[in-house]
Number of protein chains: 2
Amino acid sequence: MTNLTIRQLRYFEALASHGHFGRAAEACSVTQPALSVQIKELEEELGTKLFERGARQVRLTGFGEEFALRVQDILRRVDELGDLARASTEKMVGRLRLGVIPTIAPYLLPRIIANLGHSHHGLDVHIRETLTPRLVQELSEGRLDAAIVALPVSEPAFTEVAIFTEKMVLVRSDADAGKPVPNKEELREMRLLLLEEGHCFRDQALSFCNIPSSLPQEGLDGSSLSTLVQMVGAGIGVTLIPEMAVPVETRSASVCVGHFKNPQPTRTVGMVWRKTNPLADHLHQIAAVVRQSTDELRADEGV
Amino acid sequence: MTNLTIRQLRYFEALASHGHFGRAAEACSVTQPALSVQIKELEEELGTKLFERGARQVRLTGFGEEFALRVQDILRRVDELGDLARASTEKMVGRLRLGVIPTIAPYLLPRIIANLGHSHHGLDVHIRETLTPRLVQELSEGRLDAAIVALPVSEPAFTEVAIFTEKMVLVRSDADAGKPVPNKEELREMRLLLLEEGHCFRDQALSFCNIPSSLPQEGLDGSSLSTLVQMVGAGIGVTLIPEMAVPVETRSASVCVGHFKNPQPTRTVGMVWRKTNPLADHLHQIAAVVRQSTDELRADEGV
DNA sequence: CTTCACGATAACTTTTTCTAATGACAAATC
DNA sequence: GATTTGTCATTAGAAAAAGTTATCGTGAAG
């Protein structure tokens, strides 16, 4: 293993360009003997002379010239490390592995990715879409940097930040359009279509109706909100979906949307990451971009 | 100006690959606190965390990953510097700027270059063919590394090594083939064709005939041995050429070669370089290759 | 032949880096 | 749920590295 120092390489570069120990030392803000010694040690370490010391001038040897080319390249790259670090203190750089639950991903991700492309140009965004428990595990194991999920996650090892709260709305057949929106007791008597086991949104819906999630449901479980809405459109039952999903999912189905009131079911979506992650500042920034994305989405569609 | 050290980068690399301070430190043959401190200082200097210290594992941050890629590249290049130096202590590497006088270049260079290609593969050989005074000047100024010239050069700042001594032979018209070889007094009465002023070979020929080189010559001066021989072939006079040139120059001319004896004119060819050049060992090696080249040339053609 | 410019060297000081010992804290174990 | 264990951070003092000032030696220039 070589034992060269960057300092030696910097002195070398200075001497190579100045051709004069005194001036090179000055350029490095050290005294001439300090530079002389470092150059000498560099040469000793390499086992080769880098400079030819004439009485009136200092010149690179043939090997020195070859060496100088490489050293310049190396020093440039080392300086780039500093630049890179400086850039990274302002915003996240490199790779961001972001987990998103399935009841958020399809509606929010396109906008998030587009916005990150603007605010964090060059950031390498990896998306992992799966259920909350798996996201939590992968986050714990360091295979994700952050996740967008429904709060609370209640992992003591995680930081949670809320991003937005949205209503959960009732989706029923067009045929029911005129009818009053059922309250939650009435809802319990209807055929409620739900997502498969594991989706937090399923639990939230059940919770709203005061049905224990352990209780087996008689209804058919859907693997996506889209499926549920299509089933509702076919007159099979009713379902709950997050408001965010309304524009996309109800566009091409003969269903109508009803808003509950008193109580109004909601879910809070937020971002979580490991408390130990030192890039917390950057992750807060990312969370802000996510928040902005949802705001835009609402402005575009909600009105 | 950044103040990173290669040591820090090596520790960083070790920690990144081991994911464990203790084992990384062991790999670097230092104690764990030493490595901890260096990593800490590296992070402080960069103003960014590189690692996420979990209770049970140490992981790179997103920025750390980006950083690691560059650091690996840099360290590899630094190690190459050592390799390069090691390789160069055994033989010359990089660039060799070699001056050669015109009465040697055409005969010896092809072989020298071919042989250097074998013994010093990858060496970037630059040839400068010009007269001795200019070679001496360029060598002094550091624009050449060495020169192949007729000795002595008698520059106190130069090291001279003799490479070979060769005869100077008489070239005369085919018509004179049977005649006895003139001695130097007789030669002085003949029409002796010479190279232009400045060629050391001209001076050597004049010197052999005891003619002061300052004396204006009545004959036509040729710009190359080749020209001289062609003129001899045309019956204009006689000339002297170095033995080395015989095979090439007399092949396609109706001339014959005569050897003087008692005294036999010779010239000694050698290599010179600045005494201050620290690559003397390597230049001796180069000289050896030149010597070998002349030996081969003689073996091929002389017999 | 003296002076000058310039790099090398020496003696000593300051700074950096190391080791050894210990602390703090979370995870694993009993 | 107290204890042990594994792991990184911190501290104090020792060792090593790098810097400074002063001085020497040498070849070039006046």
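Just so you know, these numbers come straight off a predicted model, no measurement behind them. What's counted below: heavy atoms across the whole structure, side chains too, no hydrogens, waters or symmetry copies. Letters A, B, ... are given to chains in the order of the sequence lines, protein chains preceding strands, and every chain is numbered from 1.
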Legend entry - Length of the CG-C1' vector between B/Leu4 and C/dT16, whole Å: 15 Å
Inset, instruction - Scan for ring pair (Phe, Tyr, Trp, His ring centres under 6.0 Å) pairs involving residues 119-152 of chain B, sequence neighbours excluded, and state none if there are none. - result: none
Inset, instruction - Measure from CZ on B/Arg23 to C1' on D/dT7 and round the result to the nearest Å. - result: 10 Å
Legend entry - B/Lys40 side chain, from C-beta outward: closest of D/dA9, D/dT10, C/dT9: D/dT10
Inset, instruction - Return the value, rounded to whole Å, for the distance between atom NZ of A/Lys49 and atom C1' of C/dA8. - result: 11 Å
Inset, instruction - Scan residues 275-289 of chain B for pairs that pass salt bridge (Lys or Arg N to Asp or Glu O under 4.0 Å), counting only residues two or more places apart or in two chains. - result: none
Inset, instruction - Let me know the distance between CZ of A/Arg53 and P of C/dG7, rounded to the nearest Å. - result: 9 Å
Legend entry - Summary of ring pair (Phe, Tyr, Trp, His ring centres under 6.0 Å) pairs that have at least one residue in residues 79-101 of chain B, sequence neighbours excluded: none
Inset, instruction - Could you list all the salt bridge (Lys or Arg N to Asp or Glu O under 4.0 Å) pairs where at least one residue sits in residues 142-158 of chain A, not counting sequence neighbours? - result: A/Arg97-A/Asp145, A/Glu138-A/Arg143, A/Glu141-A/Arg143
Inset, instruction - Please report, rounded to the nearest Å, how far the P atom of C/dT17 is from the CD1 atom of A/Ile6. - result: 12 Å
Legend entry - Check ion pair B/Asp79-B/Arg76 (N to O, under 4.0 angstrom): no
Inset, instruction - Take the protein atom CD of B/Glu44 and the nucleotide atom C1' of C/dT17, then report the distance between them rounded to whole Å. - result: 15 Å
Legend entry - All pairs passing ring pair (Phe, Tyr, Trp, His ring centres under 6.0 Å) where residues 61-80 of chain A contributes a residue, at least two apart: A/Phe12-A/Phe67, A/Phe63-A/Phe67
Inset, instruction - Could you run through nucleotides 12-30 of chain D and give me one letter per nucleotide, 5' to 3': B if any protein heavy atom sits under 4.0 Å from the base, S if only the sugar-phosphate is that close, - if neither? - result: ------SSBBB----BS--
Inset, instruction - Give the rounded distance in Å between these two atoms: CD of B/Glu26 and P of D/dC8. - result: 13 Å
Inset, instruction - Measure from NZ on A/Lys275 to P on C/dA26 and round the result to the nearest Å. - result: 10 Å
